[in-house]
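Remember, predicted model here, so these are calculated numbers, not experimental data. Here is how names work: the chains are called A, B, and so on, in the same order as the sequence lines, proteins then strands, and each is numbered from 1.
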Amino acid sequence: MVPDEKVKVMFWRTEFYGALTEGGTVSLHAGKIRGFQKLGHEVFYVSSGPMKLPEGVKLYQIPYSKLYRNFPEVLHPNYNSRSIKAITKIIEKEQPNFLHKHHHDFHYGGAWLKKHLGLPFILHVDGIEFWVKKNWGKLYFSHLLRWAEDTELESSDAIIVISDSLKRQLVNYGVNGDKIHVVPNGVHPDQFYPEIGDNGFKKQLGLEDKFIVGYTGTFGRWHGVEVLAEAVKHIIKRIPNAVVMFVGDGDLRPKIEEITKRDGVFDKILITGFVPFTDIPHYVSMFDVAVSPCINNEDNEFFNSPVKLFEYMAMGKPIVASNVGQQGIVIDHGINGLLHEEKQPEELAERIFEIYSDKDLADRLGKEARNRTVEKHDWKFNAQAILDAYKEIIAGK
Amino acid sequence: MKLIFLLDAKKDKLCLAHGINPDDAVVVKIDDKWLAKRKFILGKMKEKKYDNAYFGCIKLDFQRFHFFMKLYFLFSGFFDGAIIDEEGKVNKFSFVTLIFIEIPMIIVEAIASVFVIIYSYIKFPIMKWYLTKK
């Protein structure tokens, strides 16, 4: 294989996600795939359900069995043989150069394909499933989970992680650090750009004269939405015409509602629910300040790489982000955004007020954020890093 | 007034697909994990005197835990309740299907699940050894 030859990449998503075609994983995969396309490579996608994919990407679905739908986790171990059998036929037909698999629980299919078909295997890991289940969900069949996870982590030729802290965690977990590549998430600056406009949403929502503090994303554990909810009363105290907009949905929605009702500011927030990915730039366009108040996990460091941060940056928005994990690296305080200490709603409100009261600062932060995105955080750089990992694998064979 | 538990689905799409007036529907957003919270779900169902209750999802074929949703209809007395999706498909509660199809099927699923787990506890460590050996 000549390293600069065009390649065909197989993306494989094995989790059961129902029919949900919006949210973080969808943005992540669509972003990476378009990154490969921009570089002139071909991608096809194999998944357990429907997916919204960029144009020109073939989707193969390998559905879960309909028998195992009522008891927790049982459907996952059973999916191994079913999906491996089906994907082998797809590989025979498509002949990909390598596999890019998103790591999920109870699945060892990547290791199997590497062993039996000799397919180079790159594993994208955005969390150690054993840790995630133990701390954020419910851990059933822990030995099965651990065996499958260890198999994939050990067998993979290269592992792509989204942050330095996750790399450290994997090394502590026993994974060989030499094969772990840190590739933070990204954005497409031609999809998210300042001139895109709000598509009339601001008028539709009756927010024309408001100062909009905005958040996009899933309301999950590490996103810190409850910190933003706690900050609403402080924001309103300083900026009476502010509205805090939560674009998204998730587990913590009731918590946001409870906090803002308790503080008597429920009428100052707007929760949109999930919106189509293509509408997100228009929503972000409305924001006067964009926030990402992520928090550390209870017993370990924040290990994510929030896509929202890069989307805000690409939109040229002044950003207020918590100083945790990779956010503290991407955001240079006072240069391309402002940082606040995690879980400090008053400080978050204070930073928002700084931007509200200094238009020059807001403009300067936004412009620099946009510049850095174009220079460093385009998804095509992310795709290139995966290709580099692939070239290393080929060179080592 | 109707009660809709929304599982990732969109209220407007569901209402349009099933001819429900959105102004006549109370929506409770949940996800799959919330279905295990018996007190919460039954509490909501009994909170007010609703005309009917629904679980709304994106696609019926991709929605888990149908059996437990049917049990909620049974225990809350919503015998006209249904699981509905954004494409207009309906899985209605019925005593006949519950007794003659769904209960036998859940027994089959439970037995098959036990076998899957036992088999996996034998297979996974072997696969780990086999797939990771140099």
Atom OG1 in Thr132(B), atom CD in Glu154(A): separation rounded to 0.5 Å?
-> 4.5 Å
Reported CG-to-CG distance for the pair Leu6(B) and Asp249(A), which is rounded to 0.5 angstrom = 9.0 Å
Report which part of [X] has an atom under 4.5 Å of a heavy atom belonging to chain B: side chain, backbone, both, or neither.
{"X": "Pro254(A)", "result": "side chain"}
{"X": "Glu73(A)", "result": "backbone"}
{"X": "Asp251(A)", "result": "both"}
{"X": "Tyr64(A)", "result": "neither"}

Ranking Leu144(A), Asn78(A), Leu75(A), Leu20(A) by heavy-atom pairs under 4.5 Å to chain B gives rank one to Leu144(A)
In terms of heavy-atom pairs under 4.5 Å with chain B, the winner among His116(A), Lys138(A), Arg253(A) is His116(A)
Residue by residue, which of [range] have a heavy atom closer than 4.5 Å to a heavy atom belonging to chain A?
{"range": "residues 26-43 of chain B", "value": "Lys29(B), Asp31(B), Lys33(B), Trp34(B)"}
{"range": "residues 63-82 of chain B", "value": "Gln63(B), Arg64(B), Phe65(B), His66(B), Phe67(B), Phe68(B)"}
{"range": "residues 108-128 of chain B", "value": "Val108(B), Glu109(B), Ala110(B), Ala112(B), Ser113(B), Val116(B), Ile117(B), Ser120(B), Tyr121(B), Lys123(B), Phe124(B), Pro125(B), Met127(B), Lys128(B)"}

Is the shortest heavy-atom distance from the side chain of [X] to the side chain of [Y] under 4.5 Å?
{"X": "Lys66(A)", "Y": "Asp61(B)", "value": "yes"}
{"X": "Phe71(A)", "Y": "Ile106(B)", "value": "yes"}
{"X": "Ser48(A)", "Y": "Phe62(B)", "value": "no"}

Under the 6.0 Å and 45° cation-pi test, does Lys10(B) pair with Phe274(A)?
-> no
Donor-acceptor contacts under 3.5 Å from residues 23-30 of chain A side chains, at least two apart:
from     : atom 1 : to        : atom 2 : distance (Å)
Ser27(A) : OG     : Gly23(A)  : O      : 3.1
His29(A) : ND1    : Tyr45(A)  : OH     : 2.5
His29(A) : NE2    : His102(A) : ND1    : 2.6

Lys92(B) atom NZ, over 12 foreign heavy atoms within 6.0 Å | no
Enclosure of Lys52(A) NZ (heavy-atom neighbours >12, cutoff 6.0 Å) = yes
